[in-house]
Amino acid sequence: MSGTSSAQQPAWVVKHRPLLFTSVMAAMVMQVLDTTIANVALPHMEASLSATQETISWVLTSYVLASAVALPLGGWLVDRFGIRVVFTLSVVAFTAASILCGLAQNLGQMVAFRIIQGVGGAFLSPFAQTVMLNASTAEERPKMMALFTQGVMLGPIAGPLLGGYITESYSWRWVFFINVPIGIAAGCVLWWLLPRQPAIRRPIDLTGWLLVALALASFQLMLDRGPSQDWFGSAEVVTYAVIWACSGWMALVHLVTAEKPLFPGRMFADTNFVASLIFMFLIGCVMMAVLALLPGLLQGIYGYPAVDAGWLLAPRGVGLLVTITLLGRWITRMDPRVALTIG
């Protein structure tokens, strides 16, 4: 009976759970939305920031690089300072950087502010998932994950449409200013409702983090600069590739041999966890990457206005949202492997 009772209790007992979940989802959607909403506004930023079609891509690259480098530190930061502090400060940093991005006067300022925004935004999605899982019972978790997925996919779908409308009707600067009221409200609620946790002092594997960060950054730069620099015909791209190969190999060796690595080896002993990582990588390649590239294709090559490009990307979200909603109700009655195979 005690085992059944504990299984029906969430790990965190929080007040006003619907309000907390709403704020968590708002913070997460704000971050996911921002990864695609700026894509539509890029052509409008060029003249305003005195940039070229090639250099304006750093607005996106800087954000992605900062997020990738900061993300591996999330677990240590939560243990050291608690999720209440780190989650709230992440929302504050993201919101403040959004204001600065909207006020940027040149490309250098924009890239610097996007780096700050990327560091703050790196933790919003994984922390949102952590809060929703820990504040839910085992029976509720499949529905929470369906709700979480709805929020994750809402950004790439609604981002181009919203970004196109804002850019055409107002200014590209409002693409960033729109985050401000959401961020302020979400940050206040998170600080109020998230539980306080005792600090866990554990060492951080700085060597592993630096090697992983260097590998991720060089790989991203290689992919980003390759199309415009003739790939391996360019010394710059070759340099990125060499750094990626060397740092990636060193990171792998270090993570396997270190006494207390950045990512504990026991995590990868779970075959379900490893399979989930592989599927998430594939989904990111075939779904998320395409959603990020299509706005540029529709505007730059096909010549659609920003609003029309957004409308062309929006319909695919209807089927997605309907499927996720139904799956949240049915997932407890069917084998998840069947749903995954059908998908």
Exercise. Which heavy-atom pair separates Phe123 from Leu73 by the least distance, and what is that distance?
Worked result: CE2-C, 4.3 Å
For this session: Give a yes or no on whether the backbone of Gly233 and the side-chain of Asp230 come within a donor-acceptor separation of less than 3.5 Å.
Result: no
Exercise. With distance as the sole test, does Ser234 use its side chain to make a donor-acceptor pair with the main-chain N or O of Trp231 at under 3.5 Å?
Worked result: no
Problem set entry | CZ (Phe268) with more than 12 external heavy atoms under 6.0 Å | yes
Exercise. Do Val69 and Leu252 belong to the same hydrophobic cluster, where Ile, Leu, Val, Met, Phe, Trp and Tyr are linked whenever their side-chain heavy atoms lie under 4.5 Å apart, directly or via other members?
Worked result: no
For this session: On the 0 to 90° scale, with breaks at 30° and 60°, tag the Phe219-Trp244 ring pair as parallel, tilted or perpendicular.
Result: tilted
Exercise. Just by modelled atom types, is the Val180 backbone N or O under 3.5 Å from a matching donor or acceptor in the Ser98 side chain?
Worked result: no
Exercise. What closest approach, in Å, do Phe94 and Gln31 show between heavy atoms, and which atom pair accounts for it?
Worked result: CZ-CA, 3.9 Å
Exercise. For the side chain of Gln229 and the backbone of Arg225, is there at least one donor-acceptor N/O pair under 3.5 Å apart?
Worked result: no
Seminar exercise, completed: Heavy atoms of Tyr63 and Gly121 approach each other most closely as OH-CA, 4.3 Å
For this session: Kindly indicate whether the side chain of Lys260, heavy atoms from C-beta on, has any atom under 4.5 Å from the side chain of Asp205.
Result: no
Problem set entry | For the student: nearest non-hydrogen atoms of Arg84 and Leu190, plus distance | CG-O, 4.3 Å
For this session: Find out if a path of hydrophobic residues (ILVMFWY) with successive side-chain heavy-atom gaps under 4.5 Å connects Phe176 to Ile115.
Result: yes
Exercise. Does Val119 share a hydrophobic cluster with Leu206, counting links as ILVMFWY side-chain heavy atoms below 4.5 Å and allowing steps through other members?
Worked result: no
For this session: Return yes if some donor-acceptor pair links the side-chain N/O of Arg173 with the main-chain N/O of Ala104 below 3.5 Å, else return no.
Result: yes
Exercise. For Leu107, does its backbone N or O pair with a side-chain atom of Trp58 as donor and acceptor, under 3.5 Å?
Worked result: no
Problem set entry | Where Arg114 and Val59 come nearest, the two heavy atoms and their spacing | NE-O, 2.9 Å
Problem set entry | Linked, directly or transitively: Phe81 and Val91 (ILVMFWY side chains, under 4.5 Å) | yes
Exercise. Say you draw a straight line from CG of Leu124 to CD of Gln129; how long is it, rounded to the nearest 0.5 Å?
Worked result: 13.0 Å
Exercise. So, for Leu194 and Ile83, which heavy atoms are closest and what is the spacing to 0.1 Å?
Worked result: CD1-O, 4.1 Å
For this session: Using a 4.5 Å cut-off on heavy atoms from C-beta on, say whether the side chain of Phe113 contacts that of Gln117.
Result: no
Problem set entry | Cluster overlap Val237 with Leu223, hydrophobic side-chain contacts below 4.5 Å | yes
